Amino acid sequence: MMKQLIVLSGKGGTGKTSVTAAFAHLAAQSRLAGQVVIADADVDAANLELVLQPQVLETQPFQGGQVAVIEQDTCLVCGGCAEVCRFDAIIERDGQYLVDPIACDGCAACVYQCPTESIRMEPQVAGKSYVSESRYGPLYHANLDPGQENSGKLVTLVKQRARLRALDDDRQLVLVDGPPGIGCPVIAAASGADLALIVAEPTAAGVHDMQRVLGTLRHFGVPALVCINKADIYPEGAEEIETSCRADGVATVGRIPFDATVAAAMVAGEAVTAFRPTAPASLAIAAVWELVLASLEAPA
Amino acid sequence: MKLVISIAGDNLQSPFDARFGRAAAFCLVDSDTGAWTAHANPALEAAGGAGVQAAQFVAGLGARAVVSGAYGPKAYASLSAAGIAMHLAPGNAPRTAADVLALFNAGELSQAQAATQDGRH
Amino acid sequence: MRIVVASGKGGTGKTTVATSLALVGGASVRCLDCDVEAPNAALFLHPVLDRRQEVGIPLPRVDTALCTHCGKCAEVCQYHAIAVLGQTTLVFPELCHGCGSCTRLCPEGAITEHLHVTGVLEGGMTAEGLEFARGLLQVGEPMAVPIIRELKRWPPLRRPALEIWDAPPGASCPVVETLRGADFALLVTEPTPFGLHDLKQVVGIARALEIPAGVVVNRDGIGDRKVDAYCADQGLPILLRIPMERRIAEGLARGRSLLETAPDYRPAFQALLAAIQDRVNAEYAP
């Protein structure tokens, strides 16, 4: 039975992607070899490709939202569009009304009020999505053009395609590198997951954000596990996380120490567990992986 | 009765698509005569609300029943409001729309009594 | 003057830099935490949050006595948040962006709007006398941008001479909404391949918005030198380097601001602020 595992963090920069890359490597060494599809759902900051070194097989333009365009020749400069726009996207400049495509939400309110039908909606190419073959299995990833919206839609697309691939090839696991935060891209990435692993950081900010993402997962009914990265930076913080998780009935599955090998592996473009399997961080991640796998395979 | 089957293709011999909102197309079949037409799903590329949009489209086709593999909460609410019966066919075995139609006519498909999946996937 | 501190990659030290800048800026500063999904600046500034306002999206409500199920609302809604099926008009709150088209265009006047609360704004003063405000997206709600927009519109307690805004990570709409209207984008990165990749994304946004930008390299010494090469190539000034130091990481973990842990950085942040002000003033000089 195919399972979806998503790696999340709440706060950015806790080591989500380094852990995901290591999981992809470890899975390829295990009985799951050839059974994994990897998806990078952090489309704003798609970093997994920097470690998995994918060969891109297929590139597709991603059509994001639509934006309003004003036909200046027939525009009466009445200003009705600016009045109805709730996104501050219509700007008056030098006696003309112009649409700020970055601010435009694509609602078309301006289109419907324009007395001379001078406004139309145009779709925008907002990024690209890719299917690749990586060193640890098929990788579905994407790049959002800077500043584009609708990353939730692109996340959904990437994840759906990865999931369908897993179903088609009868693969056991979809491994998803999630986005930071708790909003639209996270909800899009986490929904339908069988299990979420939260990479928490034992910092004041990390604990706060971990609790928020746990709340989001609870809201959508996704079971969660927590591991603590850079745990030795502030052991009291690590204990605080473990206590807080215990109170919430969430299992913690290990502490990963701060280890300069992680950055070195990133520079080398490798998963840390492949780069130096005996480094303290690699050993700790491998232990976390075993527990995550056991939890994923345990009957619900 | 006018029945809609979610499909991945453009005719009655196309594979059944177990997703509703994100199905590639819908096959509209008259279950009495077997006459059919295929219709591309306008919600396929929707940013959000695919289930709602697909439900409105299916209602607009005049269908009284749908067969798909799963219904999200918004699709379920929309199809219920339109009085369209939601039947379930399992997506785990390869089937054509014609196979699904035969199962439907044989009365072998159960009806969804609630949304069967979460809405975003 | 408004400085927005952004990063692309999360966890590079955006909040550390933003709060340090705010603390050296003096009492005329207002600091906004625009990372409404994961707001952390208050953990380091310790403001007394005594102002509070609920914010959200104006959601349509259909008066069933007046509705004729004509379908106009469903036709104009680009988000499929309102649907007419048979004799029922359904509203799906989680799809609604609050644009108001259905309400405005309903021929029967059957739709009114009410606030669907998706978050809260909180504000107050810190012990140092600087004004602070933040937005908090409610757990389970998808849309961060409306909260950021309302936070930007929230009237300050007094006219600030200097605004320091902490942006969310990433490079999509929430970041753009925060950067819009900024006088300067201060981009915090770390010298690793991930840091560089994501820095490029956010540089792209600053360029598109025509906002002058400068870079802070945090945890200098880990990783490689490619951020330096990129900045030199792009003409992006590196305005400050903060070396990787365990005492700073530990202090931040405990919820102490950088300047609390390492007061020796105060002059460096004062110089950073002065350098930004000079650059902005030069940019807008006649």
Side-chain angles (χ1 to χ4, degrees), chain A residues 9-14 17 43-47 50 66 84 86-88 102-103 105-109 112-113 121 144-152 179-187 201-206 208-209 212 215-216 219-220 230 233-234 236-237 258 260 263 266-267 269, chain C residues 7-12 15 35-38 40 43-44 58 76 78-79 97-101 104-105 137 139-145 149 168-177 180 190 192-194 197-198 200-205 207-209 222-224 246 249-250 252-255:
Chain A
S9 69
K11 180 171 164 8
T14 63
T17 302
V43 299
D44 289 25
N47 291 332
L50 301 175
Q66 43 177 9
V84 300
R86 292 185 175 173
F87 306 99
D88 306 331
I102 290 177
D105 197 71
C107 75
Y112 291 109
Q113 66 68 46
M121 301 305 292
L144 195 66
D145 292 344
Q148 286 294 341
E149 62 174 326
N150 258 323
S151 61
I182 62 163
C184 162
V186 170
I187 294 171
E201 197 182 78
T203 63
H208 174 256
D209 296 345
R212 279 169 68 78
T216 304
H219 186 94
F220 290 98
K230 304 173 202 164
I233 289 273
Y234 182 40
E236 294 98 311
F258 176 81
M266 204 192 284
V267 170
Chain C
S7 74
K9 175 164 160 46
T12 57
T15 304
D35 186 1
V36 303
E37 294 182 52
N40 293 320
L43 298 172
F44 303 103
V76 301
Q78 305 295 304
Y79 312 105
H97 287 217
C99 74
S101 281
R104 205 176 301 113
L105 296 166
L137 178 68
V139 162
E141 287 293 339
M143 279 181 256
V145 171
R149 206 180 292 127
S172 62
C173 26
V175 182
V176 175
E177 184 58 39
R180 277 181 90 201
E190 58 176 42
T192 63
F194 290 7
H197 177 273
D198 302 347
K200 288 178 183 168
Q201 297 278 105
V202 75
V203 167
I205 299 181
R207 294 259 152 92
L209 295 171
I222 68 165
D224 55 23
R246 209 176 160 105
E250 286 178 4
L252 291 171
R254 283 164 205 272

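The structure displayed is predicted, hence computed values, not measured ones. Every chain is numbered from 1 and lettered A, B, ... according to where its sequence line falls, protein lines coming before strand lines.
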Legend entry - Non-hydrogen atoms of Gly255(C) and Ala204(A) that approach each other most closely: CA-CB, 3.8 Å

Legend entry - Top of Ala103(A), Gly269(A), Ala260(A) for chain C proximity - count of heavy-atom pairs under 4.5 angstrom: Ala103(A)

Legend entry - Partner chain A: residue of Arg180(C), Lys200(C), Arg207(C) with the largest heavy-atom pair count (under 4.5 Å): Arg180(C)

Inset, instruction - Check whether any side-chain N or O of Asp224(C) sits under 3.5 Å from a backbone N or O of Val267(A) as a donor-acceptor pair, and report yes or no. - result: no

Inset, instruction - Tell me, out of Ala45(A), Gly10(A), Gly237(A), Ala263(A), who's got the most heavy-atom pairs with chain C below 4.5 Å. - result: Ala45(A)

Inset, instruction - Locate the shortest heavy-atom distance separating Asn47(A) from His197(C); write the atom from each residue and the value. - result: OD1-ND1, 3.1 Å

Legend entry - Which atoms of Arg254(C) approach chain A - backbone, side chain, both or neither, heavy atom under 4.5 Å: both

Legend entry - Winner by heavy-atom pair count (cut-off under 4.5 Å) against chain A, out of Pro193(C), Gly170(C), Ser101(C): Pro193(C)

Inset, instruction - Among the options Thr15(C), Val145(C), Asn40(C), pick out the one with the most heavy-atom pairs lying under 4.5 Å from chain A. - result: Asn40(C)

Inset, instruction - Please state whether the side chain, the backbone, both or neither of Glu236(A) comes within less than 4.5 Å of a heavy atom of chain C. - result: side chain

Inset, instruction - Determine the option with the most heavy-atom pairs under 4.5 angstrom with chain C, choosing from Ala109(A), Cys107(A), Pro185(A). - result: Cys107(A)

Legend entry - Nearest atoms (heavy-atom pairs only) where Pro169(C) meets Pro180(A): CG-CG, 4.0 Å

Inset, instruction - Could you tell me whether a side-chain N or O of Gln201(C) sits under 3.5 Å from a main-chain N or O of Leu144(A), the two making a donor and an acceptor? - result: yes

Legend entry - Flag, side chain of Arg86(A) to backbone of Gly98(C), donor-acceptor distance under 3.5 Å: yes

Legend entry - Value rounded to 0.5 Å, distance of NE2 in His219(A) from CD in Glu141(C): 7.0 Å

Inset, instruction - Return the option, out of Gly215(A), Gly206(A), Gly106(A), with the maximum number of heavy-atom pairs under 4.5 Å with chain C. - result: Gly106(A)

Inset, instruction - Over all heavy atoms of both residues, which pair between Ile102(A) and Ala208(C) is shortest? Give the atoms and the distance, please. - result: CD1-CB, 4.3 Å

Legend entry - Side chain, backbone, both or neither of Ala249(C) within contact of chain A (heavy atoms, under 4.5 Å): both

Legend entry - Shortest non-hydrogen contact between Gly140(C) and Phe220(A), atoms and distance: O-CZ, 3.7 Å

Legend entry - Test item: Arg212(A) side-chain N/O and Val139(C) main-chain N/O as donor-acceptor pair under 3.5 Å: no

Legend entry - Among the listed options Ile233(A), Asp44(A), Thr203(A), the residue most often paired with chain C at heavy-atom distances under 4.5 Å: Asp44(A)

Inset, instruction - Name the member of Ile205(C), Asp35(C), Asp198(C) that forms the most heavy-atom pairs with chain A at distances under 4.5 Å. - result: Asp198(C)

Legend entry - Side chain proximity check, Phe258(A) to Arg246(C), heavy atoms < 4.5 angstrom: yes

Legend entry - Top contributor to chain A interface from Leu43(C), Val76(C), Leu105(C) [non-hydrogen pairs under 4.5 Å]: Val76(C)

Inset, instruction - Measure Val202(C) against the heavy atoms of chain A and call it side chain, backbone, both or neither at under 4.5 Å. - result: neither

Inset, instruction - For the residue pair Gln78(C) and Asp105(A), establish whether any side-chain heavy-atom pair is separated by less than 4.5 Å. - result: no

Inset, instruction - Name all residues meeting the ring-ring contact (aromatic ring centres under 6.0 Å, His included) criterion together with His97(C); count only those two or more places apart in sequence or in a different chain, and write none if there are none. - result: Tyr79(C)

Legend entry - side-chain hydrogen bond (donor to acceptor under 3.5 Å, both in side chains) against Thr216(A), all qualifying residues, sequence neighbours excluded: none

Legend entry - Interatomic spacing from OH in Tyr112(A) to SG in Cys99(C) - rounded to 0.5 Å: 9.5 Å

